[in-house]
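So the structure is just underneath, and the comments pick up after that.
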Protein chains: 2
Amino acid sequence: MFRIDLKSRKAIYEQVVDNFKEMIISGILKPDEKVPSVRELAKELTINPNTIQKAYRELESRGYFYSVSGLGNFVAAPSDKQDNSARINELKDTLKTALNELMYLECPKEEIMEILKDTALMREGETER
Amino acid sequence: MFRIDLKSRKAIYEQVVDNFKEMIISGILKPDEKVPSVRELAKELTINPNTIQKAYRELESRGYFYSVSGLGNFVAAPSDKQDNSARINELKDTLKTALNELMYLECPKEEIMEILKDTALMREGETER
DNA sequence: TAACTGTACTATAACACGTAGTACGGTTTG
DNA sequence: CAAACCGTACTACGTGTTATAGTACAGTTA
């Protein structure tokens, strides 16, 4: 499914959360799709089930998963997401800070524009959804 | 100078690092300007001198500070910065991830464009430096 | 009933963070 | 030179987080 970097400073459960978020955002995982059980994924990644459980609980509280007792955890539909305004503001701030630092480090504007294009943000004549 | 949020999950020394980086990037602190001594800033922020020292060491290793023994720490000039390619790649990745999540959360494109304009990235007819 | 699933605990070890205190070398000023 | 700054290095301690280990219990499916 994905890999964990044990040498990373980032906590394992956070790496699990980030990996799932990315797969959901990019559409690799579809709404209502079942994700591996806590024990199964723990076995596959050779880490403790409790660590996976913590990640899943986090993903559920952020609206990316929903869980059914006895059945498993599933990918939530985008419309099921709760209030995003706080998270959006966080991301905007992240964006500002990263852009400012990139400019300070004299990263060519063209390289930044390239990234913007890749996110479907800059394409003209396109409407979302 | 700035404030520290003791209740934040972010480590104090990281908050100090981020605050200085922001002040340097935004031009509030000029090259070769002297920053408060370790003991002085620790006193002002009511935290331990060792925590400030850790932040200053970090800032020096990243090329934002240079230190002169017996004199103090100073803001480094942008040209003094060492190899940035690794950091630039990190920032590009941060950018991509944040943009993708913003799109997923259905943040209006206009709000994102607003941020881009604020970073002097999107202004036409302007040349850097 | 058996074999899955999620969930909730407790306990332990390892590590990072922040604090406290001490020490030493360099620079400036009187 | 001596005092008062400066940066820097080091040890030690308390605390919180992370990850692990083990156990237990409820819901679902075959």
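What you see is a predicted model; the values in this text were computed from it and never measured. Values reported hereafter were calculated over all heavy atoms of this structure, with side chains retained and with hydrogens, waters and symmetry mates removed. Below, read A as the first sequence line, B as the second, and so on, with proteins coming before strands; counting in each chain starts at 1.
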Which residues, if any, of residues 39-58 of chain A bring a heavy atom under 4.0 Å of DNA chain D?
A:Arg39, A:Ile47, A:Asn48, A:Asn50, A:Thr51, A:Lys54
Residues two or more places apart in sequence or in another chain: which of them pass salt bridge (Lys or Arg N to Asp or Glu O under 4.0 Å) with B:Asp93?
none
Going 5' to 3' along DNA chain D, between which two nucleotides do contacts with chain B fall, using a heavy-atom cut-off of 4.0 Å?
D:dC6 to D:dC10
Residue pairs involving residues 19-43 of chain B (criterion ring pair (Phe, Tyr, Trp, His ring centres under 6.0 Å); sequence neighbours excluded)
B:Phe2-B:Phe20, B:Phe20-B:Tyr56, B:Phe20-B:Phe65
With respect to A:Val75, which candidate in A:Val35, A:Leu59, A:Asp32 satisfies the side-chain contact (heavy atoms from CB on, under 4.5 Å) definition?
A:Val35
Could you state the interatomic distance from CD1 (B:Ile112) to CE (B:Met103), rounded to the nearest 0.5 Å?
6.0 Å
Please enumerate all residues that pass side chain to side chain donor-acceptor pair (under 3.5 Å) together with B:Lys54, with sequence neighbours excluded.
none
Atom pair CG (A:Asn19) and CD1 (A:Ile4), whose distance is rounded to the nearest 0.5 Å:
5.5 Å
All salt bridge (Lys or Arg N to Asp or Glu O under 4.0 Å) counterparts of A:Glu111, not counting sequence neighbours:
B:Lys92
Any donor and acceptor pair, going by atom type alone, linking the side chain of B:Glu33 with main-chain N or O of B:Lys30 inside 3.5 Å?
yes
Using ring-ring contact (aromatic ring centres under 6.0 Å, His included) as the criterion, list what pairs up with A:Tyr13, not counting sequence neighbours.
none
Under 4.0 Å from any heavy atom of chain A: name the first and the last nucleotide of DNA chain C that qualifies, 5' to 3'.
C:dT5 to C:dC9
Run the salt bridge (Lys or Arg N to Asp or Glu O under 4.0 Å) test against A:Lys10 and tell me which residues pass, sequence neighbours left out.
A:Asp18
In Å and rounded to the nearest 0.5 Å, what is the NZ to CD1 distance from B:Lys117 to B:Ile115?
11.5 Å
Walking DNA chain C from its 5' end, the first of A:Leu71 and B:Val68 to be reached, judged by nearest nucleotide, is A:Leu71
Side chain to side chain donor-acceptor pair (under 3.5 Å) involving B:Glu58 - partner list, sequence neighbours excluded
B:Arg62
Considering residues at least two apart in sequence or located in another chain, which fulfil the side chain to side chain donor-acceptor pair (under 3.5 Å) criterion with A:Arg87?
A:Glu90, B:Glu101
Near DNA chain D, under 4.0 Å by heavy atom, which residues of residues 12-21 of chain B?
none
Residue met sooner reading DNA chain D from 5', once B:Val38 and A:Gly70 are mapped to nucleotides:
B:Val38
